[in-house]
Amino acid sequence: MDKRTIVPIFTVILALVFIFLSSCMILEEVGASPYEVQEEEEPVTEPAPMDSPAAATEAEKIDWGTTATAWSGQIGKRITITLPSGGSPGPVWGSGIYTDDSSIGTAAVHMGLITFSSGGSVTVEIRDGLDSYDGSTAFGVTTQSYDAWGGSFVFIDGEGNVVKLTTAPKKTTPSGIFIADTDWSTNATEWSDNLGGKYTLELPPNGSPGSLWGSGTYTDDSSIGTAAVHAGLITFREGGRVTIEIREGLDAYDGSTRNGVTSEAYGAWGGSFVFVP
């Protein structure tokens, strides 16, 4: 190798040594070994917050008028509600399985699960509608029959089973119907067990007074026609059509004279009727 070749090679080696030493000095200033590779730290990210669980149900006002229509169509859904004490009856259709527009509280009393005076908690399950519903009387509550309806509910016990009526219900006389062959002696005793039942009667003209006890609310053994004259709805001379509703008996009935008819007072009696539009 001649001198012309050696000089350039030596110059290249010196340049490389100089670059290496300069790099070492720079790395020492930043506190790193020339043989270490600094890894970039990954940015720390917070885990995404989980969504808060949605409320199971929206708070609703529950009373003795509450029905199951709010959950209609949600077949199999179970809802527990608490009825307040001091309740009053509402409309109910069915026996054991009820139309979804029935009063849940009143249906629960009909099932023997709670009472109007004490109230209490019950669980219902939403069901499909039926082709017909049977009315009955149980635990002092009379429910009405009905034809096809789109939705129903039943009651569920603490073990998840459907509650059955604990006493055999007493079938009711159909209500809301026209009663043929009536006269001025016709009374309401035939329908006394069908509380809430409504019956329309046509009284013939030229009637005569019959026995009558009460004012506004009459004993169920009172003459319906005579009570209607007393109430100012028809006259003995012309007769006419009236509709009554069956009610519970009262502890006492007041007598009075109205529209030329005098009714008698009476004490406690087992059944009553009133006139309705």
Side-chain angles (χ1 to χ4, degrees), residues 64-65 85-93 103 105-106 109-110 115-118 135-145 169-277:
W64 288 84
S85 59
S88 57
V92 182
W93 296 268
S103 158
T106 306
V109 176
H110 182 255
T115 64
F116 290 116
S117 59
S118 300
S136 64
T137 299
F139 297 97
V141 173
T142 296
T143 64
Q144 303 302 310
S145 299
K170 185 175 183 179
K171 291 296 289 292
T172 63
T173 306
S175 66
I177 62 175
F178 178 76
I179 306 299
D181 300 325
T182 57
D183 58 33
W184 289 83
S185 66
T186 299
N187 60 44
T189 54
E190 180 180 352
W191 313 300
S192 60
D193 289 329
N194 191 16
L195 297 179
K198 296 179 181 180
Y199 304 93
T200 299
L201 304 85
E202 185 79 31
L203 282 302
N206 301 316
S208 57
S211 301
L212 183 63
W213 295 271
S215 297
T217 299
Y218 304 92
T219 62
D220 60 9
D221 61 342
S222 294
S223 159
I224 295 174
T226 305
V229 176
H230 182 262
L233 300 175
I234 60 174
T235 64
F236 289 115
R237 180 179 177 180
E238 297 180 355
R241 180 171 294 192
V242 295
T243 300
I244 63 169
E245 180 176 290
I246 305 303
R247 298 284 181 87
E248 293 181 340
L250 302 180
D251 292 334
Y253 295 81
D254 295 327
S256 64
T257 298
R258 298 175 184 172
N259 301 300
V261 175
T262 298
S263 66
E264 302 296 329
Y266 201 78
W269 187 254
S272 312
F273 68 84
V274 297
F275 292 101
V276 295

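Along the sequence shown, residues carry numbers from 1.
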Could you pull out all residues at least two apart from T115 that satisfy side chain to side chain contact (heavy atoms under 4.5 Å, CB included)? S117, S118
Between CG on residue L201 and CD1 on residue I224, distance to nearest 0.5 Å: 4.5 Å
Please give me the minimum heavy-atom distance between P204 and T182, naming the atom from each residue. CD-O, 3.8 Å
Between the CH2 atom in W213 and the OG atom in S222, the distance rounded to the nearest 0.5 Å is 5.5 Å
When you measure from the side chain of N259 to the backbone N and O of V261, does any donor-acceptor pair fall under 3.5 Å? no
Does any pair with a residue in residues 208-237 pass salt bridge (Lys or Arg N to Asp or Glu O under 4.0 Å), and if so which ones, sequence neighbours excluded? none
Can you name the closest pair of heavy atoms from V276 and E245 and give their distance? CG1-CB, 3.8 Å
For the OH atom on Y266, are there more than 12 heavy atoms of other groups (residues, nucleotides or ligands in this structure) within a distance under 6.0 Å? no
Taking all non-hydrogen atoms of both residues into account, name the closest pair between S272 and G249 and its distance. OG-CA, 3.5 Å
Kindly say whether T262 contributes a backbone atom to a donor-acceptor pair with the side chain of T257 at under 3.5 angstrom? no
Listed by chain and number, what are the side chain to side chain contact (heavy atoms under 4.5 Å, CB included) partners of S85, not counting sequence neighbours? none
With no hydrogens and no angle check, is any side-chain donor or acceptor of T142 less than 3.5 Å from a backbone partner on D193? yes
Atom pair CZ (R247) and OG1 (T219), whose distance is rounded to the nearest 0.5 Å: 15.0 Å
Only one of F273, W191, F275 forms a ring-ring contact (aromatic ring centres under 6.0 Å, His included) with Y199, so which one is it? W191
Do any pairs count as a ring pair (Phe, Tyr, Trp, His ring centres under 6.0 Å) and have a residue in residues 221-241, sequence neighbours left out, and if so which ones? W184-F236, Y218-H230
For S215, is there any backbone N or O sitting under 3.5 Å from a side-chain donor or acceptor partner on S256? no
With a cut-off of 6.0 Å (strictly less than), are more than 12 heavy atoms of other residues, nucleotides or ligands near CD of E248? no
Residue pairs meeting ring pair (Phe, Tyr, Trp, His ring centres under 6.0 Å), one or both in residues 241-264, sequence neighbours left out, come to none
Do the side chain of T217 and the main chain of V274 share a donor and acceptor less than 3.5 angstrom apart? no
By side chain to side chain donor-acceptor pair (under 3.5 Å) - contacts of D183 (at least two apart): S185, T186
Kindly give the heavy-atom pair with the smallest separation between Q144 and N194, and that separation in Å. NE2-OD1, 3.8 Å
Would you confirm whether S263, through its side chain, and L212, through its main-chain N or O, come within 3.5 Å as a donor-acceptor pair? no
If you apply the rule side chain to side chain contact (heavy atoms under 4.5 Å, CB included), what do you find for L203 with V242, and how did you get there? CA-CA 8 Å; L203 282 302; V242 295; 4.0 Å; yes
Quick one: do the S211 and S223 side chains pair a donor with an acceptor below 3.5 Å? no
Compare all side-chain heavy atoms of H110 with those of F139 and state whether any distance is below 4.5 angstrom. no
